[in-house]
*Asks:* 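Next up is a structure, given as structure tokens.
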2 protein chains.
Amino acid sequence: MKEKDITEKNCTEVRIMDAAERLFLKNGYNRTTTTAIAEQAGVTHAMLHYYYRSKEQIFARVLDKNLDELLASFHPVMKKGAPFWETLESGISTHFDFLMKHPELPAFILDTMRFNPELLENHKPRIRKTLLRITGFHYSIINDEIAAGRIRKTDPEQLLLDIIMLNLSAFIMLPAAANVFPEIGGKRMTGILEERKKEIITLIKSRLYREI
Amino acid sequence: MKEKDITEKNCTEVRIMDAAERLFLKNGYNRTTTTAIAEQAGVTHAMLHYYYRSKEQIFARVLDKNLDELLASFHPVMKKGAPFWETLESGISTHFDFLMKHPELPAFILDTMRFNPELLENHKPRIRKTLLRITGFHYSIINDEIAAGRIRKTDPEQLLLDIIMLNLSAFIMLPAAANVFPEIGGKRMTGILEERKKEIITLIKSRLYREI
DNA sequence: CTCTTGTTTAACAGCTCTGTTAATACAACT
DNA sequence: AGTTGTATTAACAGAGCTGTTAAACAAGAG
């Protein structure tokens, strides 16, 4: 008998992977049990081990895919050539929009960094490379503008932290708060997030205006 | 025979509570086992149940104490009377300094909100009350300045989110990142945090300057 | 039809976790 | 010395977790 076609949607193998991705993204490595993944996929938990050997290997696949997406999301941020203010604004907004499409990603990566950093070991070079590229790009456009006296003198490292922390924490803290105060969840959440994107852009731009 | 003096430092009861607080703050409810607490306190895990009945009740005590501290930390922020810019700056800085003394608190509360919101059920009225006081105070001083035309028109809700998210995420994200990239941990961390406090104050103030 | 091969299940092994309990050690008071 | 109540331990029960395995099942090949 031939192997089942892996491209076939809804075959056991991809159903398991889909379930695993949903649960790992929502709850992280430790809080997700192989039994729960199997249940969600509608199979026995022995199947996970049949297809993927171990929980750690399933997680590695999920992490791989999602980390790739996260790292790739930074590339369109670094568009050279456009005027400074435009580059800045579209950078922040591109990053925020990406998170809108992957709202669970920041908390997922944070959780992994906090409690399972060893599972990130293999990815460190790739992360470092992307981080270097983004900081390099960022430092260069910021320092150029500072040198030309067109923006206020600023530590680029801190400014980058400002942007990243503001963008990420919208998706990390608001959903958590909504768990406790449901009135900020659901419909209202998307409104708050839209507002936040605008606010973050305004905030960062204000930080850089030369004359105050 | 009389009960042991609970005030006596190093008696079993307080050793357990100390160990529980350390571990719960570090790892949250689910990732902390009663066995680990007992081990850390140097006793059998049967002792936890003898003194505190259940894991949930020990956690409730730890949560109680730490939530009290967190909520109390907002009170000195709301000093009325001082000039606006001074009030703003000292508010941010007081909050940040409090977190410096309790660096694990933000991640602990976040974790509880994310994964054990039911354990916060009893605390909701208290949290709500403090939140209302802080937002009320904040809205009033911001709106007064806007009305007087002394600061830029701004949504106070978003501004408060800016401040809280910036302050909290310094203590949530940086330690997590340090797990993966040790070069930002240890000595360097305190430096970064000092820089961040200054940066956050500058950032928020820039946001409000009327002329840009 | 039977053999083969990939898929699936049920059962189990070994571990860890929370919580209980019976037995014991111990201090104090009579 | 004997009684009483607290403190502590070791052992266990029951549940859930990860991972294994032997056996059942399904379907194409000869």
Side-chain angles (χ1 to χ4, degrees), chain A residues 1-63 108 111-112 115-116 118-119, chain B residues 1-63 108 111-112 115-116 118-119:
Chain A
M1 181 197 178
K2 284 228 301 268
E3 264 182 35
K4 274 205 181 152
D5 187 359
I6 220 188
T7 66
E8 190 183 326
K9 200 66 203 166
N10 245 23
C11 76
T12 302
E13 191 167 351
V14 317
R15 289 239 309 292
I16 291 172
M17 189 47 70
D18 289 351
E21 183 165 24
R22 258 195 312 279
L23 291 176
F24 278 135
L25 274 175
K26 198 180 166 96
N27 300 325
Y29 183 75
N30 293 301
R31 303 177 130 100
T32 302
T33 70
T34 55
T35 315
I37 296 173
E39 195 182 347
Q40 180 98 168
V43 295
T44 325
H45 84 277
M47 297 307 292
L48 313 214
H49 298 288
Y50 176 71
Y51 282 110
Y52 300 100
R53 293 212 64 77
S54 72
K55 178 181 175 182
E56 212 171 294
Q57 295 217 16
I58 306 181
F59 183 81
R61 299 266 290 248
V62 173
L63 182 61
F108 170 69
D111 192 81
T112 308
F115 297 110
N116 310 91
E118 74 284 1
L119 300 177
Chain B
M1 183 203 178
K2 284 228 302 261
E3 266 182 34
K4 270 201 186 158
D5 186 0
I6 220 188
T7 65
E8 190 183 326
K9 201 64 202 166
N10 245 22
C11 76
T12 302
E13 191 168 351
V14 316
R15 289 238 311 291
I16 291 173
M17 189 48 70
D18 288 351
E21 183 166 25
R22 259 196 311 279
L23 292 175
F24 277 134
L25 275 176
K26 197 180 166 98
N27 300 325
Y29 182 75
N30 294 301
R31 302 178 131 101
T32 303
T33 69
T34 54
T35 316
I37 296 172
E39 195 182 346
Q40 181 97 166
V43 295
T44 324
H45 83 279
M47 296 309 291
L48 315 213
H49 298 289
Y50 177 71
Y51 282 109
Y52 301 101
R53 294 213 65 75
S54 72
K55 179 181 173 181
E56 212 170 294
Q57 295 218 14
I58 305 180
F59 183 81
R61 300 267 289 249
V62 172
L63 183 61
F108 170 69
D111 191 81
T112 308
F115 297 110
N116 310 91
E118 74 282 2
L119 301 176

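By convention in this document, chain letters (A, B, ...) are assigned in the order of the sequence lines, proteins followed by strands, and residues within each chain are numbered from 1. Note that the coordinates shown come from a computational prediction; the quantities given were computed from them, not determined experimentally.
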*Asks:* Report the distance from atom CZ of B:F24 to atom P of C:dT18, rounded to the nearest whole Å.
*Replies:* 9 Å

*Asks:* Looking only at side-chain N and O atoms, does A:T34 come under 4.0 Å of OP1 or OP2 in D:dT18?
*Replies:* yes

*Asks:* Is the side chain of B:T32 donor-acceptor paired with the backbone N or O of B:L23 at a distance under 3.5 Å, no angle test?
*Replies:* yes

*Asks:* Identify whether any heavy atom of A:T35 sits under 4.0 Å from a base atom; if not, whether one sits that close to sugar-phosphate; answer base, sugar-phosphate or nothing.
*Replies:* base

*Asks:* Of the listed nucleotides (D:dA10, D:dG19, D:dT8), which one gets closest to any side-chain atom of B:A46?
*Replies:* D:dA10

*Asks:* Check whether B:F115 forms a cation-pi arrangement with A:R31 (NZ or CZ under 6.0 Å from the six-membered ring centre, at most 45° off the ring normal).
*Replies:* yes

*Asks:* Just to verify, which of B:Q57, B:M17, B:R22 counts as forming a side-chain contact (heavy atoms from CB on, under 4.5 Å) with B:V62?
*Replies:* B:M17

*Asks:* Strictly below 4.0 Å: does A:Y51 bring a side-chain N or O up to OP1 or OP2 of C:dT8?
*Replies:* yes

*Asks:* How close or far is atom P of C:dT8 from atom CD1 of A:I16, stated in whole angstroms?
*Replies:* 8 Å

*Asks:* Whole Å only: how far is the OH atom of A:Y50 from the C1' atom of D:dA23?
*Replies:* 14 Å

*Asks:* Rounded to whole Å, how long is the line connecting atom CG of B:L48 with atom C1' of D:dA7?
*Replies:* 14 Å

*Asks:* Let me know the distance between NE2 of A:H45 and C1' of D:dG16, rounded to the nearest Å.
*Replies:* 11 Å

*Asks:* Taking only the side-chain heavy atoms of B:H49 (C-beta and beyond), determine which of C:dT18, D:dT18, D:dT6 contains the nearest atom.
*Replies:* C:dT18

*Asks:* Measure from CE on A:M47 to C1' on D:dG19 and round the result to the nearest Å.
*Replies:* 15 Å

*Asks:* Anything under 30° is parallel, anything over 60° is perpendicular, the rest tilted; go ahead and classify A:Y29 against A:F24.
*Replies:* parallel

*Asks:* Starting at CD1 of A:I37 and ending at P of D:dG19, how long is that distance when rounded to a whole Å?
*Replies:* 10 Å

*Asks:* Is a salt bridge present between B:D111 and B:K26, judged by a nitrogen-to-oxygen distance below 4.0 Å?
*Replies:* no

*Asks:* For C:dT8, take OP1 and OP2 only and decide whether either is under 4.0 Å from a side-chain N or O of A:T12.
*Replies:* yes

*Asks:* For A:Y52 and D:dT20, give me the distance from atom OH to atom P, rounded to whole Å.
*Replies:* 17 Å

